[in-house]
Q: 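Quick one: structure below, then a few questions.
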Amino acid sequence: MSTKKKMLWLLSLLPFFIACGDDNTDIPDWPWAEPETPTEPVEANPGIVNLGWTNVKSTYGTLPEHINVYKSPETLEGKKAIAYIAVGDMSKAAFGVLGEKTGLKKPKEFYEENNSTIVINGGFFYEGSLSLIWRNGEMVCKNNDVTAEDWTNGPFWYPVLAAFCEMNDGSFKSMWTYTTLSNVTYWYSEPSPVKSETTPNENFPSTGTVLNAKTGIGGGPVLLLDGNIKNTYEEEILSDIGATVNRPRSAIGITNDKKMILFVCEGDGMTTGVAGMTTENVANIMKTLGCTDAINLDGGGSSCMLVNGQETIKTSDSSGDERSVASVVTLK
């Protein structure tokens, strides 16, 4: 076939190819949805991240959406720091206090019995609890009600001591409490005068209100009340806690938008150069994090926070292990 005839033959077929190419009426619609573009998780507490804290929630396995864990920046209050906070959205999270009037357990033993997402050491103790334990609307143990310079000759002092409670109306607040000989527990908005020898009652050191709470933990001193720094270690006669010395510390607080913050910091040189914090430092940190109310918990070798049973800071008890304590605070 000549070249001219070949060209004419191909041109004669062109309408057929065009018709075939345009005929898509029988092609079915694409049955699958277009894939969504992956999105980054939304940070629950951006204000905390903006302060230099790092969300380390994923380090500790699966946590509820309403609980996040953060590690501190390298310095806090101008000091080298290793600290962690657990932040719970209290519209969904549950605040608990475990422990009894007598008996001690390691935080990991409390965790094994309860499996709470967060476990942090609670109040002061000796052979048993010296701090308030309030659970299921009832007092399990009262705050210590008397101290003395000399237990034989006196003088004897009657301070009101710190507590942090979830009230029956669902609010959270720090306060000072005292339990009378008739077993009535009052809470106060002011501490006793320093080394007061007057026994607290319904009218002293300020107007007392009978405590009606769901859950509560004692400790001291009160760090924050209604957004104001208090740090009343002198009024609470807490000379044994070394309030002005850098030590491991634990604390609990609440923000205006009902986020509970549990704080723990390492100290005692467990990591080179990390001495810990004073209670004034902790008050400042908790306020910067947005807390309006907060109290200090037991510290030193007792300070310990577990997340899904895993330790955060290096504890400094002389045993080389977690210290056995009388009470713990939990979040789940």
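Keep in mind that the numbers below use all heavy atoms, side chains included, and drop hydrogens, waters and symmetry copies.
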Q: Could you tell me if the side chain of P205 sits less than 4.5 Å from the side chain of P200, heavy atoms only?
A: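 Of all side-chain heavy-atom pairs linking P205 with P200, at least one is under 4.5 Å.
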
Q: Just verifying a value: how many Å separate L225 CG and I295 CD1, rounded to the nearest 0.5 Å?
A: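 Result: 11.5 Å between the selected atoms.
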
Q: Test side chain to side chain contact (heavy atoms under 4.5 Å, CB included) on T117 and L331 and set out the steps.
A: CA-CA 6 Å; T117 305; L331 266 181; 5.8 Å; no

Q: Could you check whether any side-chain N or O of E266 sits under 3.5 Å from a backbone N or O of T271, counting only pairs where one atom can act as donor and the other as acceptor?
A: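 Side chain of E266 to backbone of T271: a pair is present.
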
Q: Check for a donor-acceptor pair, side chain of R247 on one end and backbone N or O of G300 on the other, with a separation under 3.5 Å.
A: no

Q: Evaluate side-chain hydrogen bond (donor to acceptor under 3.5 Å, both in side chains) for N121 paired with S250, printing each intermediate quantity in order.
A: CA-CA 7 Å; N121 66 290; S250 302; 2.7 Å; yes

Q: Looking at residues at least two apart in the chain, or sitting in another chain, which of them share a side chain to side chain contact (heavy atoms under 4.5 Å, CB included) with Q310?
A: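 Only Y60 meet the side chain to side chain contact (heavy atoms under 4.5 Å, CB included) criterion with Q310.
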
Q: Salt bridge or not for K105 and E322, using N-O below 4.0 Å?
A: no

Q: Is a donor on one side and an acceptor on the other found under 3.5 Å between the side chain of T315 and the backbone of D317?
A: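 Pair absent, no side-chain N/O of T315 close to backbone of D317.
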
Q: Could you walk me through whether E236 and W176 satisfy the side chain to side chain contact (heavy atoms under 4.5 Å, CB included) test, starting with their C-alpha distance in whole Å, then the side-chain angles of each, then the deciding distance to 0.1 Å, before giving a yes or no?
A: CA-CA 9 Å; E236 297 180 48; W176 295 269; 3.1 Å; yes

Q: So, using salt bridge (charged side-chain N to carboxylate O under 4.0 Å, His left out) as the criterion, who are the partners of K108 when residues are at least two apart?
A: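 Only D321 meet the salt bridge (charged side-chain N to carboxylate O under 4.0 Å, His left out) criterion with K108.
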
Q: Is the side chain of N45 donor-acceptor paired with the backbone N or O of G47 at a distance under 3.5 Å, no angle test?
A: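 The answer is no, because no donor-acceptor pair under 3.5 Å joins these two groups.
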
Q: Test your reading of the model: is there a side-chain donor-acceptor pair from N114 to the backbone of F110, 3.5 Å cut-off?
A: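 No, N114 side chain to F110 backbone: no donor-acceptor pair under 3.5 Å.
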
Q: Does one hydrophobic cluster hold both V184 and I133, with members joined at side-chain heavy-atom distances below 4.5 Å?
A: yes

Q: Quick one, V325 and K106 - any side-chain contact, counting heavy atoms below 4.5 Å?
A: no

Q: Transitively linked via ILVMFWY side-chain contacts under 4.5 Å: Y178 with F204?
A: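 Unlinked, Y178 and F204 end up in two clusters.
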
Q: Go through it in stages, so that I can follow the logic: the residues are N212 and N168, the test is side-chain hydrogen bond (donor to acceptor under 3.5 Å, both in side chains), and I'd like the CA-CA distance, side-chain angles, deciding distance and then a yes or no.
A: CA-CA 6 Å; N212 289 306; N168 284 338; 4.6 Å; no

Q: Report yes if the side chains of N308 and L63 come closer than 4.5 Å at any heavy-atom pair, otherwise no.
A: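 SC-SC contact between N308 and L63 confirmed.
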
Q: If we ignore hydrogens and angles and just use 3.5 Å, is the side chain of T278 paired with the main-chain N or O of N281 as donor and acceptor?
A: yes

Q: Do R249 and V264 pass the side chain to side chain contact (heavy atoms under 4.5 Å, CB included) test, and can you show the C-alpha distance, the side-chain angles, and the key distance before you say yes or no?
A: CA-CA 6 Å; R249 303 284 177 189; V264 68; over 6 Å; no

Q: Which atom pair, heavy atoms only, marks the closest approach of A163 to N143?
A: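 That would be CB-ND2, 4.3 Å.
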
Q: Do V140 and V210 belong together in a cluster built from hydrophobic side chains that touch within less than 4.5 Å?
A: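 Same hydrophobic cluster.
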
Q: Do I118 and M90 share a hydrophobic cluster (ILVMFWY, side-chain heavy atoms under 4.5 Å, transitive)?
A: yes

Q: Would you mind reporting whether I217 and S131 have side-chain heavy atoms less than 4.5 Å apart?
A: no

Q: Under a 3.5 Å distance rule, please check whether D150 uses its side chain to pair with a backbone N or O of T152 as donor and acceptor.
A: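 Present.
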
Q: For D240, I'd like to know if atom CG has over 12 heavy atoms of other residues, nucleotides or ligands within 6.0 Å.
A: no

Q: Going by the rule side chain to side chain donor-acceptor pair (under 3.5 Å), which residues pair with S182 if we only count those two or more places apart in sequence or in a different chain?
A: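 With sequence neighbours excluded, S182 shows a side chain to side chain donor-acceptor pair (under 3.5 Å) to T180, given in chain and number order.
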
Q: Under a 3.5 Å distance rule, please check whether E280 uses its side chain to pair with a backbone N or O of N231 as donor and acceptor.
A: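 Judged by distance alone, no pair lies under 3.5 Å.
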
Q: Considering non-hydrogen atoms only, spot the tightest contact between A162 and G220 and give its length.
A: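 Between these two residues, the closest heavy atoms are CB-CA, 3.6 Å.
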
Q: Taking the hydrophobic residues Ile, Leu, Val, Met, Phe, Trp and Tyr, and joining any pair whose side-chain heavy atoms are under 4.5 Å apart, which ones share a cluster with M167?
A: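 Besides M167, the hydrophobic cluster comprises L132, W134, M139, M175, W187, L211, listed by chain and residue number.
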
Q: Are side-chain heavy atoms of N296 and Y233 found at a separation under 4.5 Å?
A: no

Q: Test your reading of the model: is there a side-chain donor-acceptor pair from S129 to the backbone of A326, 3.5 Å cut-off?
A: no

Q: Using atom types as modelled and distance alone, determine if a side-chain donor or acceptor of D293 lies under 3.5 Å from a backbone N or O of F164.
A: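 No, the answer is negative, given that no donor and acceptor are paired below the 3.5 Å cut-off.
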
Q: Residues sharing V49's hydrophobic cluster, by side-chain heavy-atom contacts under 4.5 Å among ILVMFWY, directly or via others?
A: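 Direct or chained contacts put V49 with I48, L51, W53, Y70, L76, I85, V87, L223, L224, I229, I261, F263, M277, V282, I285, M286, L289.
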
Q: Flag the pair I241 / P221 as yes when at least one side-chain heavy-atom distance between them is below 4.5 Å, and no otherwise.
A: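 Yes, side chains in contact.
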
Q: Is there a side chain to side chain contact (heavy atoms under 4.5 Å, CB included) between K259 and D89? Walk through the geometry before answering.
A: CA-CA 5 Å; K259 299 286 183 72; D89 178 352; 4.2 Å; yes

Q: Around atom NZ of K332, are there more than 12 heavy atoms of other residues, nucleotides or ligands at under 6.0 Å?
A: yes

Q: Would you mind reporting whether F124 and N144 have side-chain heavy atoms less than 4.5 Å apart?
A: no

Q: Enumerate the salt bridge (Lys or Arg N to Asp or Glu O under 4.0 Å) contacts for residues 41-67, please, sequence neighbours excluded, ordered by first and then second residue.
A: none

Q: Kindly work out whether a path of hydrophobic side-chain contacts (I/L/V/M/F/W/Y, heavy atoms less than 4.5 Å apart) joins F156 to V194.
A: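 Looking at the clustering, V194 is in a separate group from F156.
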
Q: Would you mind reporting whether E100 and R135 have side-chain heavy atoms less than 4.5 Å apart?
A: yes

